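Have a look at the structure below, then the notes.
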Amino acid sequence: MTGMTTPNASTPRANGRSKAERERYNPQTVEPNWQARWDEAGVFVTDNEDPRPKYYVLEMFPYPSGRIHMGHVRNYTMGDVVARYMRAKGYNVLHPMGWDAFGMPAENAAMQNKVHPKDWTYANIDHMRGQLKIMGLSLDWTREFATCDVDYYAQQQALFLDFLEAGLVTRKTSRVNWDPEDQTVLANEQVIDGRGWRSGALVEQRELTQWFFKITDFSDDLLEALDGLDRWPDKVRTMQANWIGKSQGLRFAFEMTKPTHGHDGIDVFTTRPDTLMGASFVGLSPDHPLTKALAEDNAELAKFVAECHRLGTSEADLEQADKMGFDTGLTVKHPLDPNWELPVWVANFILMDYGTGAIFACPAHDQRDLDFARKYDLPVTDTFVSLTNPSPVENDAFVPQKSEKVKWINHFAGLDEATGDEAVDKTIAFVEDQGWGEGVTQYRLRDWGISRQRYWGCPIPVIHCETCGVIPVPKEDLPVQLPDDVTFDKPGNPLDHHPAWKQVPCPKCDGPAGRETDTMDTFVDSSWYFARFTASKAETPTIPDVANAWLPVDQYIGGVEHAILHLLYSRFFARAMKATGHLNMSEPFKGLFTQGMVTHETFKGEDGRWLFPEEVIVEDGKARHVDTGETVTIGSIESMSKSKKNVVDPTTIIETYGADTARWFMLSDTPPDRDIEWTDAGAEGAHRHIQRVWRLVQDVAARTAAVEDAKPEAFGETALSLRKTSHRMLHLVADDIEKLAFNRAVARIYDATNQLGKALASDDSDPGLNWALREAASFLVEAMQPMTPHLAEEAWVKLGHETMLTTKQWSEVDSTLLEDDTLTLPIQVNGKKRGDITVAKSADKETVEALVMNDPEVQRLLNGATPKRVIVVPQRIVNLVV
RNA sequence: GCGGGCGUGGUGGAAUUGGUAGACACGCUGGUUUUAGGUACCAGUGGCGCAAGCCGUGGGGGUUCAAGUCCCUCCGCCCGCACCA
C-alpha cells in the first residue's frame, strides 16, 4: 500500500493535552469479539412472524468471482447502515445475502484451469462469505442461498413451467454472434474487430431458435407504472422509459411497382408521417425478409448483407458505422402520387428489431437519412422550413424541437404552420381517413431472449420429442439437474456432448426424445431472488403469504449499471409471478438507490505495464516502484478494475485498519450516488477519527464514572450548548440516513465530535457538565452505530451502558433543544451581504423590518439613503434595494 | 448515432431546494506537547489587495430584490445501448 503505515495497536499512546494513559482502540480484537457476540445472540436472524412493522433492505447480491472488491464494501456498507438504523427505529428488518452464482466466468475458469465450475463457484462463495463476515454486516445468514443451488434453480424451473403455461414464454429465432471455432454464442463485447475474443476466429451471424419471455406483453404497464416509483432515481426511470421506447406513428405499405419474390408491398413504420412529402427512398434492413429473398439470387446483395453483418449486432455499432447502402433496383409508388416512384435500398443502419424493419427516408429532416442520401446522391426534399431561418437543407438535416412551430411547404393533410406534434396527429388522422394506413403504438422494447448455449446455468425444463415436438418437463420430474460429469475439452456446450443426460423418453409418448440443452440467461436467476429470500427453503418458488408480507423490497441498493436490464427484468418477473399466483404485487422494489463506483489512481511502470498500488510509493506527487525504484507514471483516476490493477483489497484494509475504518471511509465525504476515490490518506483520516472517538469516549468515561444517572435540574452554558449540539446531531443524522445522505451524516458526526472534544477540554465548573458529556458521548456513539458498529458497541460499554447497542432503540431527542429562539439574519444591500442582525425567531415581517431599519449598522450602511424596497423573508434574509 | 448523468477552493464535497457560497473532511502553513518518528492538541487556509473593498460555483447570455440552484446556448468529462454480471 502506498505511503500507508500500519498502526501498531499494542503501544499505549500518550496524549499531549492530558498525558493520561489511554488504551488504543484495537479493531483486530474488538471487531471479531462483537461479531461473535451478535452471532451468539442471533440478533440479525429475522423472524417472519415478528409482529413489528416490516422493512426489507436488500443490496444487489454479488457474483462469486473469487474475492470481494471495494464496490461490494461500499454497497453492503450502505445497506447495512439502513438495516441497522431501521432496526433501531423499531422495524422488523429483513437483510439477507446470497450469491448470483451461475455465469460464464465459472466456465472460463473450467476451460483455463481444469476446475469444475461447481467447485470453482462454491470455493469462491466460501471465501467471499468469510470476507463479508469480517465486515460486521447485520445480515441474516440463515436465508443464504446461491442461484446454482439445486434447491433454487429447481424452483426457477417451476416458475418457467408456470410462465409457459400462462403463455408468457415463446420460441422464435433471433440473430446472434457465433464463434465457429469455440462453437459458442458471443456477447457483443466479446466480439473484437469482428473476431471472437478467445478464439480469434471471424465471427458469423447466425439465426438460432431460442426461448423468450414475453416481456413485451407488459410494455405499456412497465412504462406506466414507472410514474408510481417515486422512490426511484429520476434518471433510472427516464432510462427505463426510453428503453421501453413507446412511440406513436403511422404504419402503411408502399405498393411495389413490380411485385417480386412474393412481396407486392413494403410495410413501413414511421414516427414522422408528416415528412412523407420529403420521402427520398425506401430502406430495408439487411435482415428484412425481402432483402433475404432478393439476396438468394443476387450474389452482390448477398455479399453486401454479409458485410453488414460483420459490423456486429449491437445498436451502437450499427448506428455509428459509416452509412452503407445497396440499390436493389426495385421501386415503389408514393402513396399520395402513383407517378412518384421511390427507389428501394438496403441500408446498414436500419434495425430489423424495431418497427417493420423497413422505413421511408426523409433526408431533409433526419441526419442519418441525409448522410445516406448525400453519399448515394439521392434526392433531398424539404417538407417544412424554419419560420425564423427558412433556408433549404444542405448537409445538416433540419430537425426542429417537437414543440417548435414550422412552415409546411406542401400543405400535405392541410398543414400550414404547425408544430411537429400537431403535424403527426394531423397526418395520421388524414391517412386513416383515406384508409391506406393506420396510427399504431410502437415499442422499442423487445422480448427477452433467455436461451444460452452454455453449461453453467439453469437448465430450461423442456424436452424435444421427435413426434410430439416441444414438451414441458412435468413438474413432478423437476428438477432437471445439471450433470456433474462434464468436460470442457470440446468446443460448444458440454450438455450437447452428454448423451446420457440429454437422451430421455418423451414424457407424453415415451418415444425417443432429447432434453433442451440451452440454459437460462443468468438475469433470470437475479430476477426473483429477492422474493426467494422471504422463504428461501420453501418447496415452492415462494410461500405467497410470506412473500406478500415482506415485499416489495423497501430499499434496494446497487450499481447504476443495472438501471435498465436487471431492474426491468425483475419488474417483469414480479408481474409474471403475480399472473401465476406466486406474488400479489407488480413492483418488486419500492425504493431504489444506485450507488457510484469506487475509483483509484492508476500506475504504469517505465515499460507501460500496469502496476498495483502496493507496488508503488508516492512521495511529493512523484511515484516510484517499491522494489526497483523505477519511475512510475501516475495515470488517471478510474473505476477499480483488475485489468488496470488499480485495486485495493478490502481484506487487507480490514486487517490493517479494521472494518469500521473501511465502512466509515466508504460513507464519508462523497455523496453515495457519485463515484468515490479510494485514497490512502482518506483511509488514514477515517482511521484517525475512529481512534479519536475512542479517546474521547475514554476521557468521558473516566470523568463521569461517578456521575449520578439522574438528569440535573439545570445546565451551564457549555453543557447546554453541548446538549443542543448532540441532540441536533442525533436528530439530523437520523434524517440524513433516511435520505441515504450518508456523507452529510458523517459531517455532522465530525462536527459533534469536535464539540464534544471542546466541551471536554473546557474548564467550566458547571456540575451538570459531566452528565451532559456522558449524554453527548452516548449520542455520538449511538449515531455512529449503523456506520461503525464495532467501535460503537465497545464505546457503549465503556460509557457504562449494559445493554447491547445494536439492539437498542434510537434515542428520543429533546425537541426543545433542537431550535434556538433567536437567529441571525443576513442583511443584504442590493443582493450583497453587508451585515447581519439577531432577531427573535418568532418575529414577523414588520417587526424584523422595524428592527433592521433602526439598526445602527444598517443606518451606517445606508448612509442616509432610503431603500426603494425592503424585502424581508422571515427566518431567512433581509434585502434592502437602494 | 441514440439515451442518461456530471462540472463549486490545492482535493473530496456542503449549501435548509431561489435567500449568508465553501459546512465537514483531506492536504498545506505556523505553533505546542511527547516520542526516534508516525501520533495528539491549538491557530490559519477561495483568489486579488496594506486596507476599505473587489472578484468568485466549466464559458457566454437571460429571468429575479436575490441564481451554485431556474431558462437559453456553448464547452468538457463519464455511463448505458439488449448473450458480462
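All values derive from a computational prediction rather than experimental measurement.
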Base of B:U17 relative to its sugar, syn (within 90° of 0) or anti? syn
Conformer about C1'-N of B:G47 - syn within 90° of 0, anti elsewhere: anti
Provide the distance between the two [atom1] atoms, one in [N] and one in [M], to the nearest whole Å.
N     : M     : atom1 : result
B:U29 : B:C74 : P     : 44 Å
B:A25 : B:C42 : P     : 11 Å
B:A15 : B:G68 : P     : 15 Å
B:G9  : B:G5  : P     : 23 Å
B:U8  : B:C77 : C1'   : 16 Å
B:U45 : B:U39 : P     : 22 Å
B:C41 : B:U34 : C1'   : 11 Å
B:G62 : B:C26 : C1'   : 38 Å

Could you walk me through whether A:Glu684 and A:Tyr657 satisfy the side chain to side chain contact (heavy atoms under 4.5 Å, CB included) test, starting with their C-alpha distance in whole Å, then the side-chain angles of each, then the deciding distance to 0.1 Å, before giving a yes or no? CA-CA 8 Å; A:Glu684 296 276 3; A:Tyr657 296 104; 3.1 Å; yes
Check: [N] base within 3.5 Å donor-acceptor of [X] side chain:
X        : N     : answer
A:Arg748 : B:C24 : no
A:Asp669 : B:G12 : yes
A:Glu677 : B:C26 : no

Donor-acceptor under 3.5 Å (A:Tyr76 side chain, A:Met60 main chain): yes
Please check if the side chain of A:Asn646 supplies one atom and the backbone of A:His600 the other of a donor-acceptor pair under 3.5 Å. yes
By nearest nucleotide on RNA chain B, pick out whichever of A:Thr670 and A:Asn242 is the more 5' one. A:Asn242
Residue mapping more 5' on RNA chain B - nearest nucleotide basis, A:Ser451 or A:Asp234: A:Asp234
Ring centroid separation A:Phe372 to A:Phe349 under 6.0 Å: yes
What's the closest nucleotide to the side chain of A:Trp243 if the choices are B:G19, B:A82, B:G13? B:A82
Determine, for A:Lys172 against A:Asp447, whether the closest basic-nitrogen to carboxylate-oxygen distance falls under 4.0 angstrom. yes
Regarding A:Asp820 and A:Arg728, does a basic nitrogen lie under 4.0 Å from an acidic carboxylate oxygen? yes
Please work out if [X] contacts a base, only the sugar-phosphate, or nothing of the nucleic acid, heavy-atom cut-off 4.0 Å.
X        : result
A:Phe523 : base
A:Gln240 : nothing
A:Gly103 : sugar-phosphate
A:Arg834 : sugar-phosphate
A:Lys868 : nothing
A:Gln367 : nothing
A:Leu186 : sugar-phosphate
A:Val881 : sugar-phosphate
A:His689 : nothing
A:Lys235 : sugar-phosphate
A:Pro671 : sugar-phosphate
A:Asp521 : nothing
A:Asn743 : sugar-phosphate

Output yes when at least one side-chain N/O atom of [X] is less than 4.0 Å from OP1 or OP2 of [N], else no.
X        : N     : answer
A:Asn754 : B:A25 : yes
A:Arg452 : B:A85 : no
A:Arg869 : B:C65 : yes
A:Thr238 : B:G4  : no
A:Arg876 : B:U17 : yes

Does the plane of the ring in A:His566 sit parallel, tilted or perpendicular to the ring in A:Tyr529? Use 30° and 60° as the thresholds. tilted
Can you tell me how the ring of A:Phe573 sits relative to the ring of A:Phe213, calling it parallel under 30°, perpendicular over 60° and tilted otherwise? perpendicular
If a stem is a run of at least 3 consecutive Watson-Crick or G-U pairs, both distances under 3.5 Å, which stems include RNA chain B? B:1-7 with B:75-81, B:10-12 with B:24-26, B:27-32 with B:40-45, B:46-48 with B:53-55, B:58-62 with B:70-74
Please report the distance, rounded to the nearest Å, between CD in A:Gln691 and P in B:G38. 17 Å
Partner of A:Arg834 under side chain to side chain contact (heavy atoms under 4.5 Å, CB included), chosen from A:Val829, A:Leu880, A:Val858: A:Val829
Regarding A:Arg24 and the six-membered ring of A:Trp694, is the cationic atom NZ or CZ under 6.0 Å from the ring centre and inside 45° of its axis? no
